*Asks:* 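After the structure tokens below, expect a handful of questions from me.
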Amino acid sequence: MTNPAILANGLRKSYGDKVVLDGIDLSVPEGTIFSLLGPNGAGKTTAVKILSTLVPAGPGSGTIRIAGHELPAGAQAARAAIGVTGQFSAVDGLITGEENMLLMADLHHLSKSEGRRVAAELLARFDLVEAAKKPASTYSGGMKRRLDIAMTLVGGPRIIFLDEPTTGLDPRSRHTMWGIIRELVTDGVTVFLTTQYLEEADQLADRIAVLHDGKIAAEGTAEQLKRLVPGGHIRLRFTDPAAYRDAAGSLAQAAAHDEEALTLQLPSDGSQRDLRAVLDQLDAAGIEADELTVHTPDLDDVFFALTETTAGSGATVPAPSKETVR
Ligand code: ADP
């Protein structure tokens, strides 16, 4: 068993009276993408700043270990293993992209020739060769983010913190960024990604933690999280009205009938076990649907169910299924 790249137990942080992180536990295996998901102000940046050694954890926090180095004592060693990009971008707009890269190479004590080699390689990898001689202030949002990541990679970090890397980007640049992030982990790098976008976490992350009210409201793979909320169902569609009526008569648990569309919906958590039970039941009843589709709630459902609380009671409100039940 290798040690997790990022480990935090009971991470706490308050600013004045405001509790931002109220004891959160995180464990991110090497070479994986972990996403901390939460709305604006949830405390994502605060978590990134603490884990990347930029600000100290609050009193009462448990163990924090980054690349095997315990904070705060091992902060300097941890810093050598990590790269951070995000809202507090390191890009200097007054100098060119290439100059930004060379400055970074200097900071990492690379020799002049090695610095030039690494800069050229990364500028090419991030499609910035043409723009390399232009001031970074002239770059588009997407180009600036790419330059920011390229600069982070100069030091060859094993762990990269990406704080809302696609906030404000247009859809095309967002997809380019997703490709870049996926590529990072193929080299064995660990990525800690914060995002407000459920789709982004769904697309990229091996594991997702939903941050709410200073705590991790839920953690798991996208699929596991989707199973936490109601609304999943199996839909059976028939082309023959007689077959539809037979099925409707013998499937007592059908949650919704649609005579016009000849469909039946059966509640299901989308798990293999559940699906098998339904198929066995259909076989036993001699029901032959023309189409069977499994609908699991999406991450939006999960997010709203986990983060919407009834005023006063603190109880979670289950999100309605996105499928309209007629
Ligand atoms: P997110 O990244 O999820 O948007 P942040 O971590 O930036 O959230 O902020 C979480 C909360 O902590 C916010 O209410 C913010 O105002 C507060 N906060 C963050 N940094 C500071 C600071 N240096 N001083 C006081 N309050 C802060």
Side-chain angles (χ1 to χ4, degrees), residues 5-28 33-62 64 66 71-72 75 78-79 82-91 141 144-145 148-149 152 157 159-169 173-174 177-178 181 190-220 222 225 299-300 302-309 311 314 316:
I6 299 168
L7 176 86
N9 288 320
L11 186 59
R12 296 181 181 280
K13 186 76 181 178
S14 298
Y15 288 110
D17 288 344
K18 182 164 174 53
V19 179
V20 179
L21 300 175
D22 192 12
I24 67 171
D25 299 329
L26 302 167
S27 178
V28 184
I33 303 183
F34 180 88
S35 178
L36 189 61
L37 183 64
N40 223 344
K44 302 182 298 296
T45 301
T46 303
V48 166
K49 284 184 174 168
I50 295 170
L51 298 174
S52 61
T53 80
L54 295 174
V55 304
S61 295
I64 305 170
I66 306 298
L71 304 188
R79 237 169 268 148
I82 65 182
V84 193
T85 78
Q87 293 159 352
F88 32 95
S89 160
V91 175
K144 268 188 201 139
R145 304 280 171 103
D148 201 9
I149 293 193
T152 304
I159 303 173
I160 299 180
F161 292 91
L162 298 172
D163 195 17
E164 300 196 19
T166 67
T167 296
L169 294 188
S173 307
R174 176 167 299 154
M177 193 56 80
W178 288 356
I181 295 169
T190 306
V191 173
F192 188 97
L193 165 83
T194 76
T195 183
Q196 303 182 37
Y197 304 117
L198 302 140
E199 193 199 352
E200 183 159 294
D202 200 357
Q203 285 280 332
L204 296 175
D206 296 297
R207 289 187 80 75
I208 300 167
V210 181
L211 190 58
H212 178 59
D213 265 354
K215 294 197 161 72
I216 302 291
E219 206 221 300
L225 292 181
L299 269 187
D300 283 291
V302 180
F303 193 68
F304 290 124
L306 291 171
T307 60
E308 271 179 13
T309 48
T316 35

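All ligand and atom numbering here is 1-based and tracks the order in the structure. Excluded from the calculations below are hydrogen atoms, water molecules and symmetry mates; all remaining heavy atoms, backbone and side chain alike, are included. Predicted model only: the values in this text are computed from it and were never measured.
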*Asks:* Tell me which one of Lys49, Lys44, Lys13, Lys18 gets a heavy atom nearest to atom 14 (O) of ligand 1.
*Replies:*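 The option holding the nearest heavy atom is Lys18.
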*Asks:* Might you point out which heavy atoms bring Leu211 and Pro39 nearest each other, and give the distance in Å?
*Replies:*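 What the structure gives for the nearest pair is O-CD, 4.0 Å.
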*Asks:* Does the side chain of Thr194 come within less than 4.5 Å of Thr45's, by heavy atoms?
*Replies:* no
*Asks:* Enumerate the atoms of ligand 1 whose separation from the nearest heavy atom of Ala42 is less than 4.0 angstrom.
*Replies:* 1 (P), 3 (O), 8 (O)
*Asks:* How long is the straight-line distance from CG of Leu169 back to CZ of Arg145, given to the nearest 0.5 Å?
*Replies:*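 Those atoms lie 4.5 Å apart.
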*Asks:* Testing Gln203, Glu199, Glu200 for side-chain hydrogen bond (donor to acceptor under 3.5 Å, both in side chains) with Trp178, which one passes?
*Replies:* Glu200
*Asks:* With heavy-atom distances below 4.0 Å as the criterion, list the atoms of ligand 1 near Thr45.
*Replies:* 1 (P), 2 (O), 6 (O), 7 (O)
*Asks:* Just to verify, what does Lys44 make a salt bridge (charged side-chain N to carboxylate O under 4.0 Å, His left out) with, not counting sequence neighbours?
*Replies:* Glu164
*Asks:* With sequence neighbours excluded, what pairs up with Arg12 under the salt bridge (charged side-chain N to carboxylate O under 4.0 Å, His left out) test?
*Replies:* Asp22
*Asks:* Under 4.0 Å from ligand 1, counting heavy atoms only, is it the side chain of Val20, its backbone, both or neither?
*Replies:*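 The answer is the side chain.
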*Asks:* Select the closest option to atom 1 (P) of ligand 1 among Gly38, Gly41, Ala47, judged by heavy-atom distance.
*Replies:* Gly41
*Asks:* Could you tell me, atom by atom, which parts of ligand 1 come under 4.0 Å of a heavy atom of Asn40?
*Replies:*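 Close to Asn40: 4 (O).
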*Asks:* Among Pro39, Gly214, Gly43, which one has a heavy atom closest to atom 8 (O) of ligand 1?
*Replies:* Gly43
